[in-house]
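We're numbering straight along the sequence, starting at 1. Because only heavy atoms are used, hydrogens play no part in the values below, and waters and symmetry mates are left out as well, while side chains stay in.
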Amino acid sequence: MQVLVTGASGAIGAELVPRLTSAGHAVRAFGRDPARIAVAEASAVVRGDAVSGAGLGEALAGIDVAYFLIHSMETALDGAGSFADRDRAAAANFAAAARAAGVRRVVYLGGPVPADAPASPHLASRLEVEETLLAAAPEAVALRASIVISARSRSFRFLVRLVERVPVMPLPAWRVHRTRPIDGRDVMTFLERAGTSDAVAGPLSLDIAGPDTVTFAQLVEGIRDALLLGRPRVDLPITMTAIGSRVAAAITGEDPGLVGPLMGSLTADLLPRDDRAAALFGVRLHRFAAAVEHALREWEAVEELAGR
């Protein structure tokens, strides 16, 4: 097939391009900076910007399956609106260009929606993008994932750096909420099969999740234990997201524009609606502990981690 991967320089896109190429597909990569894209793994690279719409027509011409892996969480250097504004514009431009090009299938990786609480601004934006893209192609697929456990995942790397660099682990009130983290290897399998499976006959929204339900406290403690670090846990009675996210961003060296929205999404359970995605696409899921250990080993192959 002729496949387009947007966001090809990001953590997910950079890994997806060679997988699709190895499976025999002709993969076109799209990004703002072609120098950051592994050109050798793609059959073509198109420079463009989905927020402005530049290059989308060229990128989508003749494409069968298009992956939308763009997410504007970082602080905008040019002050061009909030991340929700940028994601809204990118999704609308992409959807219009995909319809004009006659793209058969669009695949989007988004986030979960709380069942019993209002969605945070971050997750509400993800849902808005999902709804726009589901109307962009006759076989559109939206995959909703919670925390991805991978050496390339910025949310996982943020948590690892935080555990490494604090002498104690202060856990706010959101520690009791539950989620089902998913191994990055499983995310890649879901993405690949969502783009190629004959099981998709129309617009489809699916939650993808690992097999283990953990609280956010257990998630952080699992990372701590895998790092072999002694970091006592201190439970706080308040949420303190605004202040805590800025402090955590400073400790880890991460962009506050990413950390703030992520921490703001932890105020409710983030659990899948159902488990039909694994059966539909035939994906065998890795357990949480195995996912953390694999991600840390991959990270250690290129950089030493504290405590290991």
Inset, instruction - Please indicate whether L236 has more than 12 foreign heavy atoms, meaning atoms of other residues, nucleotides or ligands, lying under 6.0 Å from its CG. - result: yes

Legend entry - Where T241 and G260 come nearest, the two heavy atoms and their spacing: CG2-O, 4.3 Å

Inset, instruction - Can you measure from OG (S52) to CZ (R86) and round to the nearest 0.5 angstrom? - result: 13.0 Å

Legend entry - Derivation of the side chain to side chain contact (heavy atoms under 4.5 Å, CB included) call for F158 and V259: CA-CA 8 Å; F158 160 71; V259 177; 3.7 Å; yes

Legend entry - Common cluster, V166/L296, ILVMFWY with side-chain heavy-atom separation under 4.5 Å: yes

Inset, instruction - Compute whether any side-chain donor of one residue and acceptor of the other, for H294 and D183, lie under 3.5 angstrom apart. - result: no

Inset, instruction - Inspect the contact between R175 and D235 and indicate whether a charged nitrogen and a carboxylate oxygen are less than 4.0 angstrom apart. - result: yes

Legend entry - Nearest heavy atoms of S245 and A242, plus distance in Å: OG-O, 3.1 Å

Legend entry - Residue pair F30 / L56: nearest heavy atoms and the distance that separates them: CZ-CD2, 3.8 Å

Inset, instruction - Check whether any side-chain N or O of R99 sits under 3.5 Å from a backbone N or O of A135 as a donor-acceptor pair, and report yes or no. - result: yes

Legend entry - Spacing of CD1 belonging to I147 relative to OG belonging to S153, to within rounding of 0.5 Å: 8.0 Å

Legend entry - R178, CZ: over 12 other non-hydrogen atoms inside 6.0 angstrom: no

Legend entry - Gap separating the CZ atom of F94 from the CG atom of D87, nearest 0.5 angstrom: 13.0 Å

Inset, instruction - Would you check if V176 and F216 make a side-chain contact, meaning some heavy-atom pair closer than 4.5 Å? - result: no

Legend entry - Over all atoms of both residues, closest heavy-atom pair of R126 and G110: NH1-CA, 3.5 Å

Inset, instruction - Give the intermediate values and the outcome of side chain to side chain contact (heavy atoms under 4.5 Å, CB included) for residues V283 and R193. - result: CA-CA 9 Å; V283 179; R193 294 182 183 176; 4.0 Å; yes

Legend entry - Nearest-0.5 Å distance that lies between atom CZ in R32 and atom OG1 in T6: 11.0 Å

Legend entry - Any donor-acceptor pair under 3.5 Å from Y67 side chain to G7 backbone: no

Inset, instruction - Walk me through it: do M263 and T239 pass the test side chain to side chain contact (heavy atoms under 4.5 Å, CB included)? - result: CA-CA 10 Å; M263 290 185 65; T239 300; over 6 Å; no

Inset, instruction - Apply side chain to side chain donor-acceptor pair (under 3.5 Å) to the pair S205 and R273, showing each step before the final yes or no. - result: CA-CA 10 Å; S205 175; R273 293 163 291 178; 3.0 Å; yes

Legend entry - Any donor-acceptor N/O pair, S125 side chain to P121 backbone, under 3.5 Å: no

Legend entry - Hydrophobic cluster membership, V103 vs V5, 4.5 Å side-chain cutoff: no

Legend entry - Co-membership, hydrophobic cluster, residues L134 and V141, 4.5 Å side-chain: no

Legend entry - Side-chain donor or acceptor of H25 paired with backbone N/O of M1 under 3.5 Å: yes

Legend entry - Close side-chain approach of L270 to L123, heavy-atom, < 4.5 Å: yes

Inset, instruction - Using a 4.5 Å cut-off on heavy atoms from C-beta on, say whether the side chain of R88 contacts that of V129. - result: no

Legend entry - Carboxylate-amine/guanidinium proximity below 4.0 Å for E221 and R233: yes

Inset, instruction - Identify whether the distance between the nearest side-chain nitrogen and carboxylate oxygen of D275 and R180 falls below 4.0 Å. - result: yes

Inset, instruction - Answer with yes or no whether the side chains of T189 and D186 bring together a donor and an acceptor at under 3.5 Å. - result: no

Inset, instruction - State, yes or no, whether a side-chain contact exists between L280 and F190 at a heavy-atom distance under 4.5 Å. - result: no

Legend entry - Straight-line distance of R224 CZ to M169 CE, nearest 0.5 Å: 4.0 Å

Inset, instruction - Tell me, yes or no, whether the heavy-atom count around D33 atom CG, taken from other residues, nucleotides or ligands under 6.0 Å, exceeds 12. - result: yes

Legend entry - In one Ile/Leu/Val/Met/Phe/Trp/Tyr side-chain cluster, 4.5 Å: V187, V17: yes

Inset, instruction - Supply the atom-to-atom distance L16 CG to L109 CG, rounded to the nearest 0.5 angstrom. - result: 10.0 Å

Inset, instruction - Could you point out which residue of T179, D207, D269 forms a side chain to side chain donor-acceptor pair (under 3.5 Å) with S146? - result: T179

Legend entry - Atom of A91, atom of T132 and distance for their closest heavy-atom approach: O-CG2, 3.7 Å

Legend entry - Min side-chain heavy-atom separation L219-F288 under 4.5 Å: yes

Inset, instruction - Could you verify whether a donor N or O on one side chain and an acceptor N or O on the other, from R185 and S150, lie under 3.5 Å apart? - result: no

Inset, instruction - Look at the side-chain heavy atoms of Ile, Leu, Val, Met, Phe, Trp and Tyr, link any pair under 4.5 Å apart, and say whether W174 and F156 land in one connected group. - result: yes

Inset, instruction - Considering only NZ, NE, NH1 and NH2 on the basic side and carboxylate oxygens on the acidic side, decide whether R104 and D64 come within less than 4.0 Å. - result: no

Legend entry - CA sep, side-chain torsions, deciding dist, call: V3, R28, side chain to side chain contact (heavy atoms under 4.5 Å, CB included): CA-CA 6 Å; V3 180; R28 189 179 302 164; over 6 Å; no

Inset, instruction - Specify the closest pair of heavy atoms between N93 and G53, including all atoms of both residues, with the distance to one decimal. - result: ND2-N, 3.5 Å

Legend entry - Side-chain ion pair, R161 and E164, N-O less than 4.0 Å: yes

Legend entry - Side-chain touch L266/H177, heavy atoms, less than 4.5 angstrom: no

Legend entry - Flag if over 12 foreign heavy atoms under 6.0 Å of CD, E304: no

Inset, instruction - Would you check if R231 and V168 make a side-chain contact, meaning some heavy-atom pair closer than 4.5 Å? - result: no

Legend entry - Min side-chain heavy-atom separation W299-R152 under 4.5 Å: no

Legend entry - Under-4.0 Å salt bridge between E130 and R144: yes

